[in-house]
2 protein chains.
Amino acid sequence: MAEALTRYLIRIEYDGTGLVGWQRQDNGPSVQQFLEEAAEKLTGQPTAIQGSGRTDSGVHALGQAAHLDVPAHLDKRAVMRGLNAWLRSDQIAVLSAEQVGDEFNARFDAIERRYLYRILDRPVPSAINRHRLWHHKVPLDETAMHQAAQHLVGRHDFTSFRATQCQANSPVRTVDALTVSREGDEIHIIAIARSFLHHQIRNFAGSLSLVGRGKWTESDLKAALEACDRSAAGQTAPAHGLYLTDILYPEQK
Amino acid sequence: MAEALTRYLIRIEYDGTGLVGWQRQDNGPSVQQFLEEAAEKLTGQPTAIQGSGRTDSGVHALGQAAHLDVPAHLDKRAVMRGLNAWLRSDQIAVLSAEQVGDEFNARFDAIERRYLYRILDRPVPSAINRHRLWHHKVPLDETAMHQAAQHLVGRHDFTSFRATQCQANSPVRTVDALTVSREGDEIHIIAIARSFLHHQIRNFAGSLSLVGRGKWTESDLKAALEACDRSAAGQTAPAHGLYLTDILYPEQK
C-alpha cells in the first residue's frame with residue numbers, strides 16, 4: 001500500500017529573467033517545471049505543484065505560493081531543504097514549507113494577492129538592476145500618480161486594463177489598495193486585490209506613468225477606466241519591473 | 001592643429017558579474033576596456049580612462065569615479081550621453097560627467113573611498129539577488145560584529161587583512177569608519193578610508209562573519225589584527241557581495 005501523503009504550502013522566490021513564467025509551457029523553462037522536477041526527485045514519484053496563479057514571462061516573485069503532496073514521513077524542514085537541494089536552477093528558491101489540510105488549494109483559497117511594480121526614475125538606465133525594474137528617463141510625479149490611482153481602487157469593470165487575451169469570465173475585480181510612493185530614485189506601485197486580470201498591474205503601471213510625466217490628468221485616467229476599452233488606456237509596462245510579493249490565506253488574516 | 005581637450009570626472013555604476021574587474025586584462029572583458037572603447041567612438045581618437053582604483057573581478061560599483069580628456073566642444077551632457085550610447089555592455093552605466101581642471105587625477109586626488117559589503121543572513125539562498133550578496137545560512141549577530149569592527153578603525157598595520165599578492169608599499173592604512181548594521185535579513189558592512197589594501201574589505205567581512213556566528217570574540221579579532229599575519233585572520237569573503245559606493249574629492253568635502 002502506498003504511503004499516506006501530506007499536503008504542504010510552500011513559498012517561493014524567483015528571478016523571472018529568461019523563464020517563460022510560472023506555468024509549464026512548451027516554449028521554454030518555467031518555474032513550475034523546475035519545481036515539479038525537484039519534487040519528483042524528492043518524493044520518488046511524479047508530483048504536481050499547483051501555484052496560486054500564473055506570472056508572465058520575466059515577472060519576478062518574492063513570495064509566490066503553491067501546494068504539493070509529499071509522502072508523510074517528510075517533515076517541513078525536509079520538504080524545504082529537499083526541494084532546494086534538487087532544484088536545477090539558482091533563479092528559484094523555496095523559502096518555507098508549512099503543513100496544511102488535504103483540502104487546501106493554493107489557487108482557490110487565496111484571499112489576497114500583493115504585487116510591487118518598480119520604476120527607476122533617472123536619466124541613466126540601471127546597470128546593477130537592469131533586469132529588475134522599468135527604466136523611465138523622464139521625471140515622474142509620484143504624488144499625481146498616487147492621487148490618480150485612487151480612481152482604480154474599489155469594484156470596477158477593468159476591461160481597459162485587461163489583456164485582450166485574458167481568459168477570466170468577468171472583467172470585474174475589486175482592487176483593495178493601489179499606492180504609489182517614491183523610494184530614492186525609484187517609484188514603487190503596490191497593488192492589492194483578491195485577484196487580478198491578466199496584465200492588470202502592468203497596464204496600471206503603463207497608464208500611471210502617463211499621469212506621472214504629465215501627459216494625462218487624473219480625469220484622463222478615470223475616463224480610460226470608464227471607457228471599458230483596452231485601447232483607451234496606456235501601454236503595458238514591461239514584465240521585468242513586476243514582483244509578486246505575497247499571497248494571503250484565511251488563517252493569516 | 002588638434003582641438004583643445006577638456007578633462008571630465010565621470011561616475012560609473014556597474015554589475016561586476018562576469019567581468020574581470022575595473023582594470024584591463026588579457027583574460028576577459030573589463031569595465032575600463034568597455035569605457036575606453038566607448039570613449040574612442042565618442043571622441044574619434046584613442047582615449048585613456050583613469051579610474052580611482054581597481055576593483056576585483058565580480059565586485060560591483062554604484063559610484064566608481066574616473067577621469068578622461070575629450071575634445072573641448074563636447075559638453076558634460078554630450079559626454080555622459082555619448083559614453084552611454086556607445087557602451088557595448090548594459091552592465092555598465094555612466095551616471096554623470098563633470099568638468100574638472102587639467103591637473104585633476106581620479107586616482108591620486110581621491111580623499112575618501114566608500115564601500116558596502118552585503119551579506120544575506122537567512123537559511124535559503126537568494127534567487128533574485130544571487131549575484132549581489134554573500135549568502136550566510138547561519139544567523140549572524142550584527143551587534144557583536146559592529147562592536148568587534150571598532151578595533152579595526154584607526155591607523156593600523158593591516159597585514160592580516162591584506163591579500164598576499166597586494167602590491168602596496170606599506171600595509172599601514174587608516175580606516176575612518178567601519179559599521180555593521182542589519183537591514184531586514186541583510187547585514188550591511190560600510191567601510192570608509194582614504195585608501196584600502198587589496199582584499200582588505202573582503203577580508204574584514206570574512207573575519208567579522210566569524211564574530212557574527214559566535215566562533216570568534218571581539219578579542220580574537222583584535223588578536224588577528226595584532227598578529228600581522230594573513231593566516232591569523234578569516235577567509236576572504238566573495239567578490240559579489242562588495243560594492244564600491246562612492247569616491248570623494250576635496251571640493252566635495
task = Could you grab the distance from atom CZ of B:R130 to atom CD1 of A:I92, nearest 0.5 Å is fine?
result = 9.5 Å
Heavy-atom pair with the smallest gap, counting every atom of A:I128 and B:Y14 = CD1-O, 3.1 Å
task = Pick one of side chain, backbone, both or neither for A:S126, based on which atoms fall under 4.5 Å of a heavy atom in chain B.
result = both
query = Would you say A:R7 has more than 12 foreign heavy atoms packed within less than 6.0 Å of its CZ?
reply = yes
ask   = Just wondering, are more than 12 heavy atoms of other shown residues or ligands nearer than 6.0 Å to CZ in B:R182?
value = yes
note = Between A:E13 and B:N129 the two heavy atoms that sit nearest each other are OE2-N, 4.4 Å
query = Which bit of A:N84 is near chain B, if near means a heavy-atom gap under 4.5 Å: side chain, backbone, both or neither?
reply = side chain
query = Using non-hydrogen atoms only, which part of A:R132 is less than 4.5 Å away from chain B: side chain, backbone, both, or neither?
reply = side chain
query = What are the two closest non-hydrogen atoms of B:A93 and A:P125, and how far apart are they?
reply = CB-O, 3.5 Å
key: Region of A:I12 in contact with chain B, defined by heavy-atom distances below 4.5 Å   = neither
task = Return the option, out of B:H60, B:Q91, B:R81, with the maximum number of heavy-atom pairs under 4.5 Å with chain A.
result = B:Q91
query = Within a reach of under 6.0 Å around CZ of A:R122, are more than 12 heavy atoms found that belong to other residues, nucleotides or ligands?
reply = yes
query = Based on non-hydrogen pairs under 4.5 Å, which of A:L62, A:V94, A:D90 is most in contact with chain B?
reply = A:D90
